[in-house]
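First the structure, in the form of structure tokens, and then the observations on it.
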Amino acid sequence: MTQDSTARGTSFFMVVDCVPSRRRIPPRQAPSAPPLRVRDAPPSMQDKLTLMIPGPTPVPETVLQALGRHPIGHRSADFQKIVKRTTEQLQWLHQTKHEVLVITGSGTAAMEAGIVNTLSRGDKVLCGDNGKFGERWVKVAKAYGLDVQVIKAEWGQPLDPEAFRSALEADTAKAIKAVILTHSETSTGVINDLKTIAAHVQAHGTALTIADCVTSLGATDVPMDDWGVDVIGSGSQKGYMMPPGLSFVAMGPRAWQAYGRSDLPKFYLDLGKYRKAAADNSNPFTPAINLYFALEAALEMMEKEGLKAIFARHARHQRATSAAMKAIGLPLYAAEGHGSPAITAVAPEGIDAESLRKEVKNRFDILLAGGQDHLKGHVFRIGHLGFVADRDILTAVAAIEATLQDLGLGKVPTGTGVAAAATELARG
Ligand SMILES: Cc1ncc(COP(=O)(O)O)c(C=O)c1O
């Protein structure tokens with residue numbers, strides 16, 4: 001069975017007004033187009049799911065096999081070896097000499113841990129908000145009673161580093177304790193300029209940079225120590241090429257100093273406990289042991305590919321996907337030049353994006369992501385994060401083109417998008 005098959009016999013394709021700008025999405029109109037015929041893949045071919053969403057991402061066979069091993073005792077010497085090895089691998093991935101701690105939980109656990117371990121009640125923080133995950137930072141910070149000053153940008157636009165610089169320079173009393181932001185804003189497919197913002201925070205002198213790198217780590221260069229990022233949170237189901245279940249928090253020395261002062265409530269997410277256990281190659285609570293097996297295998301694969309090659313692959317896929325969508329007349333949602341290497345958000349004009357996404361799933365068992373919140377129906381998103389090869393990009397583009405053709409919605413000859421993607425992929 002498909003996971004989200006569309007009801008038949010209804011007019012599910014609607015002609016929506018052309019989106020006048022990415023800022024103002026008009027309300028969806030009543031269906032006006034007649035029902036369109038689309039062939040579903042036969043049931044026996046609906047067990048061939050290809051994930052092209054920004055998480056969970058596809059998992060390599062080697063990693064799945066590692067996952068399927070018998071669990072071992074989490075206080076055993078064998079498990080300690082795995083913790084030691086994965087800790088070194090995680091430091092390599094984060095390009096840091098400092099601790100990278102592993103929590104059994106999803107990416108949001110890492111975000112929350114970043115806040116509760118470094119801040120205190122009533123602390124003033126600057127939160128970047130240009131999408132769903134920026135909004136989440138604001139919610140987490142407010143849930144812990146922080147004094148949040150939001151620095152906003154329109155969805156689809158990047159955060160403006162200058163806005164951070166001026167707020168930090170104006171803070172002569174050094175009241176701002178942290179700048180909190182999302183590096184790759186998954187909801188809009190925008191990459192924020194973490195490097196420049198972290199440099200402004202360093203110039204401030206006392207504030208910390210706390211970054212959600214959930215869909216940037218393992219996709220693009222995030223040299224934690226070089227950029228002076230104090231806390232980085234990420235999750236296993238993204239660039240790590242693993243199933244969901246582990247989250248990671250990297251903490252630099254300034255973050256640990258702040259930990260000493262922090263009075264926010266914490267128990268399971270108290271990173272002091274994780275740090276103490278890590279010194280003994282252990283974990284304070286029963287960890288997801290099989291996910292550690294998978295982590296070791298996935299990071300080994302990543303080490304073999306090499307960081308530069310991994311980043312180049314993601315950049316190539318972002319270029320190829322963007323070029324293909326533009327070539328077939330589907331505008332991108334993210335502002336030009338600010339597309340995330342993990343995900344491309346597409347805002348088709350005059351086509352219900354949600355229906356198109358569902359038809360691609362029904363016909364080809366390729367799962368694209370939908371738009372979130374007010375972007376539902378207006379945007380679909382193509383994930384190219386983690387275990388994604390050139391052929392996956394070509395297949396996804398071809399499937400989108402074939403679906404448009406089948407629905408009579410193609411604006412250019414079918415194959416135009418594949419040709420554009422192939423040209424970009426050939427550039428390397
Ligand atoms: C940028 C970003 N931050 C945070 C999260 C939350 O992660 P999780 O759903 O693993 O808690 C996600 C998930 O998609 C994300 O893309």
Side-chain angles (χ1 to χ4, degrees), residues 51-59 94 101-116 127-143 152-153 155-159 179-194 197 209-220 222 224 229 231-250 268-269 288 291 294-295 298 314 318 333-334 338-345 367-373 375-376 379-388:
L51 293 173
M52 295 294 286
I53 57 175
T57 59
V59 179
H94 287 74
L101 304 167
V102 181
I103 300 170
T104 303
S106 78
T108 307
M111 295 169 73
E112 188 155 342
I115 286 189
V116 300
C127 257
D129 173 4
N130 59 335
K132 181 97 184 153
F133 294 101
E135 278 178 2
R136 184 167 299 180
W137 269 134
V138 174
K139 284 182 188 161
V140 179
K142 286 190 173 166
K152 261 189 181 294
W155 284 40
Q157 297 293 325
L159 293 170
V179 169
I180 304 174
L181 72 152
T182 304
H183 190 196
S184 164
E185 179 46 78
T186 318
S187 60
T188 60
V190 165
I191 187 99
N192 286 312
D193 186 353
L194 174 60
I197 294 170
T209 302
I210 302 178
D212 167 349
C213 294
V214 169
T215 56
S216 62
L217 200 86
T220 193
V222 192
M224 178 171 173
V229 182
V231 182
I232 286 183
S234 61
S236 58
Q237 77 277 24
K238 309 285 184 178
Y240 288 86
M241 314 194 294
M242 287 177 60
L246 293 184
S247 60
F248 309 91
V249 192
Y268 189 74
L269 295 180
L291 287 172
L295 178 66
H314 284 82
Q318 190 255 329
Y333 186 71
H338 299 280
S340 165
I343 184 149
T344 298
L367 186 65
L368 307 171
Q372 293 176 289
D373 294 351
L375 297 186
K376 197 169 172 65
V379 161
F380 70 87
R381 296 170 299 148
I382 307 171
H384 31 77
L385 173 61
F387 187 54
V388 174

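As the structure lists them, so they are numbered: ligands from 1, and atoms in each ligand from 1.
- The protein residues lying under 4.0 angstrom from ligand 1, judged by non-hydrogen atoms, are Ser106, Gly107, Thr108, Met111, Phe133, Arg136, Thr182, Ser184, Thr186, Asp212, Val214, Thr215, Gln237, Lys238.
- Looking at residues two or more places apart in sequence or on another chain, you find a side-chain contact (heavy atoms from CB on, under 4.5 Å) between Pro244 and Pro56, Gln237.
- Ring pair Phe248/Tyr240 is parallel by interplanar angle, where below 30° counts as parallel and above 60° as perpendicular.
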Between His314 and Thr220, is the side chain to side chain donor-acceptor pair (under 3.5 Å) condition met? List the steps. CA-CA 7 Å; His314 284 82; Thr220 193; over 6 Å; no
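- Thr215 pairs with exactly one of Ile191, Ile343, Thr186 by the side-chain contact (heavy atoms from CB on, under 4.5 Å) rule, that one being Thr186.
- Take Phe133 and apply the ring pair (Phe, Tyr, Trp, His ring centres under 6.0 Å) test, not counting sequence neighbours, and it matches no residue.
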Acceptor/donor pairs from residues 102-115 side chains to any protein atom, 3.5 angstrom cut, sequence neighbours excluded:
unit_1	atom_1	unit_2	atom_2	d
Thr104	OG1	Ala288	N	3.3
Thr108	OG1	Arg136	NH1	2.8
Glu112	OE2	Tyr144	OH	2.3

